[in-house]
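This structure is a prediction, so every number in the text was calculated from the model and none was measured.
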Amino acid sequence: MREKQVSAAHGASQMKFNIVNEIKLSYSRKGNCERSISSSRDAVEVFRAHFDADEMDYREAFFALYLNQANKVLGIKKISECGISSTLVDVRIVMQAALLCNATAMIVAHNHPSGNLKPSTADIQMTSQIKDAGKILNISLLDHVILTSDSHFSFADDGLM
């Protein structure tokens, strides 16, 4: 009797490896991509339309703007929204959205509720990580913009890209 119990327990713990989750991807361009980005000011204008103005001085958020080869906007995605002095950014999520919309370039932005436009060490490191991931996938990071309620800082305009 004991032998049958051990055998039954062993069989229940075996997994079925012939079952694999199916992933389906679809892409639809329902909006238009007539908006071109030719400067940091153009990008800031798009970002400001998507950031919550009431939260700009309250907590950090991070967005990515995805572009085609002609620098026309494919879409924008909020990557994260967190605390007063930082926000977590998963580079894989930034790149996943870029791949799903067939982007060839992107611009990222986040806000500094403190009003300080100077990039932090963490900002510089995050920019480098996104840029390196983009190089592997042949997706250019054109700029990283830091916003405050009344101004902005552009990594590209300041020669940091």
What distance separates [X] [atom1] from [Y] [atom2], expressed to the nearest 0.5 Å?
| X | Y | atom1 | atom2 | result |
| --- | --- | --- | --- | --- |
| Met126 | Leu88 | CE | CG | 8.5 Å |
| Gln69 | Asn102 | CD | CG | 10.5 Å |
| Asn138 | Ser140 | CG | OG | 6.5 Å |
| Leu67 | Thr104 | CG | OG1 | 7.0 Å |
| Ile139 | Met106 | CD1 | CE | 6.0 Å |

What closest approach, in Å, do [X] and [Y] show between heavy atoms, and which atom pair accounts for it?
| X | Y | answer |
| --- | --- | --- |
| Val91 | Ala133 | CG1-CB, 3.7 Å |
| Val108 | Ala64 | CG1-CB, 4.1 Å |
| Ala103 | Leu74 | CA-CD1, 3.7 Å |
| Ala61 | Asn111 | N-OD1, 2.7 Å |

For [X], enumerate each residue passing the side chain to side chain donor-acceptor pair (under 3.5 Å) test, keeping only those at least two apart in sequence or located in another chain.
| X | answer |
| --- | --- |
| Ser151 | none |
| Thr127 | His144 |
| Asp150 | Thr148 |

Applying side-chain contact (heavy atoms from CB on, under 4.5 Å), can you list everything that pairs with [X], at least two apart in sequence or on another chain?
| X | answer |
| --- | --- |
| Asp132 | Ser128, Lys135 |
| Ser39 | Arg41, Asp42 |
| Ala70 | Asn68, Lys72 |
| Asp123 | His110, His112, Pro119, Ser120, Ile146, Phe155 |

Original post:
salt bridge (charged side-chain N to carboxylate O under 4.0 Å, His left out): which pairs involve residues 45-58, sequence neighbours left out?
Top reply: Arg35-Glu45, Glu55-Arg59

Subject >> For Asp157, all residues meeting salt bridge (charged side-chain N to carboxylate O under 4.0 Å, His left out), sequence neighbours excluded >> reply: none

Subject >> Which residues share a salt bridge (charged side-chain N to carboxylate O under 4.0 Å, His left out) with Lys78, sequence neighbours left out >> reply: Glu81

Subject >> Expected output: side-chain Asn71 to main-chain Ser38 donor-acceptor under 3.5 Å >> reply: no

Original post:
Donor-acceptor pair, Asp143 side chain versus Ser154 backbone, under 3.5 Å?
Top reply: no

Side-chain donor-acceptor pairs under 3.5 Å in residues 92-99, sequence neighbours left out?
unit_1, atom_1, unit_2, atom_2, d
Arg92, NE, Asp90, OD1, 3.0
Arg92, NH2, Asp90, OD2, 2.9

**OP:** For residues 36-55, pull every pair meeting ring-ring contact (aromatic ring centres under 6.0 Å, His included), keeping only residues two or more places apart or in separate chains.
**Re:** Phe51-Phe63

